[in-house]
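Side chains included, hydrogens not; waters and symmetry mates left out as well; all remaining heavy atoms used. Numbering of ligands and ligand atoms starts at 1, following listing order.
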Amino acid sequence: MSFIVAIDGPSGTGKGTITELIAKKFNFQYLDTGATYRCVTLKMIKENIKMDETEKIKEMLKNIKIEFDGEKVFLDGEDVSKKIREADVTSMVSQVSHLQEVRTAMVELQRRMSEGKEVILDGRDIGTNVFPNAEVKIYLDASSEERAKRRFKQNKEKGIDIPFEEVKKNIEFRDENDKNAKIGPLKQAEDAIYIDTTNLSIKQVEAKVTKIIKKKKKLVEKIEKAYVMTKETKWKIFRRKFTKGFLGLLYKIVYRPKMNGLENLPKDEGYIICANHMNYLDAAGLILCNKFPIRFIAKADLYRFGILSYLGHLFNIIPVKRDTGDINSVKLCLKALKNKEVLGIFPEGTRKGLEKNAKVKNGAVFLAEKAKVKIIPVGIHGTFKPFTKVTFNYGKPVDVSEFKKEGSDWLDKASTKVMNDIVMLTKKED
Ligand code: DC
């Protein structure tokens, strides 16, 4: 299972120490991304490459070999764990880390090293750039005075002798450089949890981070379970029938739904229903007020919440993690379509309604083509104010394979056609 913990923040906030402790505790692989930039810097010093020698830097990056073994760091096979912490590297690394070529190569290396694993990475841009979808993002901070004290002590323990004032100046200089860098600046990700460690002991920070990770792990495990469909036992079928009957009756009383164009639905084959999306009640209407079962695709986060998670399992709703190319979700969808089941997708993605210029997602067309099934556009007309009528207009099937001859952007063209049909169908009132 992949589980990424991103620890960002300036130097001397205890990132390294905390990351190491957490890695051991949870048995995560530890990736010190700062060390990768330090290795590049050391190699530039060794090979006497200057900052502006872009071609030489590119060439050097092609052959560089950086490896980790526990706390040890290897550069081209040599143990450089100590060398990369020395003053010559430390004073140059910030500038080197902001060279475009270096950044691109290291970000790629960090992603490759972490792929599909449970990894904790510490750095500057992990949550914002390397892994913007990391499961946990933490931003550690502390005053520069406190950070200098810590780094000075740490250096002493490692046998590195740099005067305190120099350590402090170096930290402040690097702060400026890291925060104002045009490429890969140090910045807190919007969804990162901020921890000020100035007055906290390592133990206290560790406890805070542990709590955050444990909570997220539990949640991720819960969401992962959503990808394993619960068995279709008699009891589950009974509960579904009962829930559908009961909630369906309530729905019919409150919204007086009307279904038009049901004769357009293919028989004895799988297909995808694509509708406009105003609020959760439109999906509920399609699920509860049709005789045939529809399996909706919904964002995996739905499975975080008690009652929604229960209903998700009961109606076999397929989870999808947005913007991550969710292979497991695609597999479930294709399997269902092969099984001649009916899928429900909202091509607008979120509940935007028919907002002008809303970008239509290609997912439905992609699945329809892969599974060789048709798409049924559905226009939903109504305000969802209680005791008003809601009309569901089913349109003619769209065969997306006909768009394949339209060139490389055929997916977009077919998606637009589906969306245009939906828009037309929303205009029919009864
Ligand atoms: O954490 P550290 O002091 O070992 O990092 C060394 C330098 O590398 C530091 O100046 C910032 C830079 N760095 C970066 O730009 N991006 C990262 N992800 C990690 C470190």
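- Y30 pairs by the ring-ring contact (aromatic ring centres under 6.0 Å, His included) definition with nothing, not counting sequence neighbours.
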Return all side-chain donor-acceptor pairs below 3.5 angstrom for residues 310-317, not counting sequence neighbours, or 'none' if the list is empty.
residue	atom	partner	partner atom	Å
Y310	OH	R239	NH1	3.1
N316	OD1	K236	NZ	2.6
N316	ND2	E232	OE2	3.0

Pair S91-N170, side-chain hydrogen bond (donor to acceptor under 3.5 Å, both in side chains): steps then yes or no: CA-CA 7 Å; S91 61; N170 208 304; 5.5 Å; no
Any protein N/O atoms within less than 3.5 Å of an N/O atom in ligand 1? List the atom names and distances, or say none.
residue	atom	partner	partner atom	Å
ligand 1	1 (O)	R124	NH1	3.2
ligand 1	3 (O)	R38	NH2	3.1
ligand 1	3 (O)	R174	NH1	3.0
ligand 1	4 (O)	R38	NE	2.8
ligand 1	10 (O)	R174	NH1	3.1
ligand 1	15 (O)	S97	OG	3.3
ligand 1	15 (O)	R103	NH1	2.8
ligand 1	15 (O)	R103	NH2	3.4
ligand 1	16 (N)	R103	NH2	2.9
ligand 1	18 (N)	T33	OG1	3.0
ligand 1	18 (N)	R124	N	3.1
ligand 1	18 (N)	D125	OD1	3.1

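- Just one residue in the list T90, I160, I162 forms a side chain to side chain contact (heavy atoms under 4.5 Å, CB included) with V167, and that residue is I162.
- Every residue two or more places apart in sequence or in another chain was checked for a salt bridge (Lys or Arg N to Asp or Glu O under 4.0 Å) with E402, and none qualifies.
- Around the NZ atom of K153, the shell of radius 6.0 Å holds no more than 12 heavy atoms that belong to other residues, nucleotides or ligands.
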